Protein chains: 2
Amino acid sequence: MRADARRNRARIVGAAIEAFTEQGPTASMEEIARAAGVGIGTLYRHFPDRRALMEEIAADTVRRLLEAAREFAARPVSRWQVLLLIVEHSVGLPLALLKSWSPAEDERSEVCGLISALNALYAEIAEGAQREGALRTDIAPQEVVELLSVVMCRPGARPDDTLATVILDGLRADPGRGRLPAADAAG
Amino acid sequence: MRADARRNRARIVGAAIEAFTEQGPTASMEEIARAAGVGIGTLYRHFPDRRALMEEIAADTVRRLLEAAREFAARPVSRWQVLLLIVEHSVGLPLALLKSWSPAEDERSEVCGLISALNALYAEIAEGAQREGALRTDIAPQEVVELLSVVMCRPGARPDDTLATVILDGLRADPGRGRLPAADAAG
DNA sequence: ATGAATCGGATGTTCCGCTTCCGATAAGCG
DNA sequence: CGCTTATCGGAAGCGGAACATCCGATTCAT
């Protein structure tokens, strides 16, 4: 592959990540090409259609993330700590794209399998955190994963932003917690 | 107004709320008409364009909500309790529609003013809850409002669902809270 | 310097939703 | 019951947007 071709390909992927993050999966191909500083023809040379471009980004993202998550899980620290590491590592990734695959996509795509593996790993870690007593146990591990997705998938999320802080604090196994409606509340 | 016209109008509004809630503000007018059991011509007779339909729904929704919120705020209970009442009352409302107006919309619309009034009221209540000691004080009242919006605006939200529980618990002023990164965590 | 891979964007095609329009329908009234 | 008229329904025209193609121009690599 020629040097300029490789360079352009990388630019396109970068611009596409930004566009998909900001505008969702319907971001226009023309705009992506423009942001990448290449012609629309160049974009279509590298990726035969929109789906191929999305697939490239999604598969690459979730593949790296799965690798990182496994590395975190192998460390000799608490499972709660592992969850925090994962969240910290995930925010800013273009995870919102994965929603285009979520529920049993028709196509035989690598992305689906990777997502499943990731979710299974997360659920396992969450279960461990519950056994440690760090994570509240009145919520199923799978639901914990979904809540953390809310934190991680928002565009522009940061590891220390308010939503992350509040949700993680809400997930901790502290005493004195209750559910709506508000019979238990102060006042 | 003829009886069938009024009936059809109500059906259209109902179908539009559902469609906008499920598919966002780009839901197709044809589909709304079909779901309402009327022809597309009937829809456009009642609402000259998509914007008019959205405006009708949004203004009506937020007007009622503002009224309810003021009623809650007038009760002799804690401000935290008032927040819970508002959240409880809000989930299920088509609040996601309001995002189409949020940041200083160009048009001179009733919706913008109503949203501002609602936000101001919420911030005031949140501030009161902080003074009570029920709501954590390391978050600005305005940010509290934004977090609660996350709970209230999700399609299909329920007052006792997991995200609501966790965020509200995370907002409580309990001791032992901390922020990411995870230096403080157990383990 | 030369050949071939790559680039760029104008172009044509397709698709989809919006809106109009008018014949058909049926509600309301005398 | 029959007339008047508001309302209904959906076919068709319109407009725009995105996709994908194609080929002359460019630039890399040898």
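In what follows, every chain begins at residue 1, and chains take the letters A, B, ... in the order their sequences are listed. A quick note: this is a predicted structure, and the numbers were derived from the prediction, not measured.
When each of A:Arg45 and A:Ala27 is assigned the nucleotide of DNA chain D bearing its nearest heavy atom, the one mapping closer to the 5' terminus is A:Ala27. Comparing B:Ser28 and A:Arg9 along DNA chain C, the residue whose closest nucleotide (by nearest heavy atom) sits nearer the 5' end is A:Arg9.
Spacing between atom CD of B:Glu31 and atom P of C:dT19 amounts to 17 Å, rounded to whole angstrom units. Between A:Phe20 atom CZ and D:dA18 atom C1' the separation is 13 Å, expressed in whole Å. Rounded to an integer number of Å, the gap from CD of A:Gln23 to C1' of D:dA18 is 13 Å. As rounded to whole Å, 10 Å separates atom C1' of C:dA27 from atom CZ of B:Arg7. For the pair B:Phe47 CZ and C:dG17 P, the interatomic distance rounds to 20 Å; values are reported in whole Å. Per the geometry, CZ belonging to A:Arg6 stands 16 Å off C1' belonging to C:dC7, to the nearest Å. B:Tyr44 has its OH atom 17 Å from the P atom of D:dC14, to the nearest Å. The separation between B:Leu53 atom CG and C:dG17 atom C1' is 15 Å, rounded to whole Å.
Taking every side-chain heavy atom of A:Ala5 into account, C:dC7 is the closest of C:dT20, C:dC7, D:dC8. Closest to the A:Met1 side chain, of the nucleotides C:dT20, C:dG17, C:dT6, is C:dT6. Side-chain proximity of B:Ile40 to the nucleotides D:dA18, C:dT19, D:dT21 is greatest for C:dT19. Candidate nucleotides D:dC28, D:dT7, D:dA20 were compared by shortest atom distance to the side chain of A:Asp4, and D:dC28 ranks first. The side chain of A:Ala3 lies closest to D:dA29, out of C:dA27, D:dC8, D:dA29. Comparing C:dG17, C:dT6, D:dG9 against the side chain of B:Glu30 picks out C:dG17 as the nearest.
When every heavy atom of B:Met54 is checked against every heavy atom of B:Ser100, the shortest pair comes out as CE-OG, 3.5 Å.
Annotation: cation-pi geometry satisfied between A:Arg51 and A:Trp101 (NZ/CZ under 6.0 angstrom from ring centroid, within 45° of ring axis).
Checked by atom type and distance alone, the side chain of B:Arg136 never pairs as donor or acceptor with a backbone atom of B:Ala134 at under 3.5 Å.
For the 3.5 Å distance criterion, the side chains of A:Thr162 and B:Glu143 qualify, holding a donor opposite an acceptor.
Between B:Asn8 and D:dC8 there is a side-chain N or O to OP1 or OP2 distance below 4.0 Å. Residue A:Thr42 places none of its side-chain N or O atoms closer than 4.0 Å to OP1 or OP2 of C:dT6. Using a 4.0 Å cut-off, some side-chain N or O of A:His46 falls inside it from OP1 or OP2 of C:dC7.
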B:Leu168 vs B:Leu148, test: side chain to side chain contact (heavy atoms under 4.5 Å, CB included). Steps then yes/no.
CA-CA 8 Å; B:Leu168 287 169; B:Leu148 292 181; 3.9 Å; yes
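Judged by atom type and distance alone, A:Arg2 does not reach the base of D:dA29 through any side-chain donor-acceptor pair under 3.5 Å.
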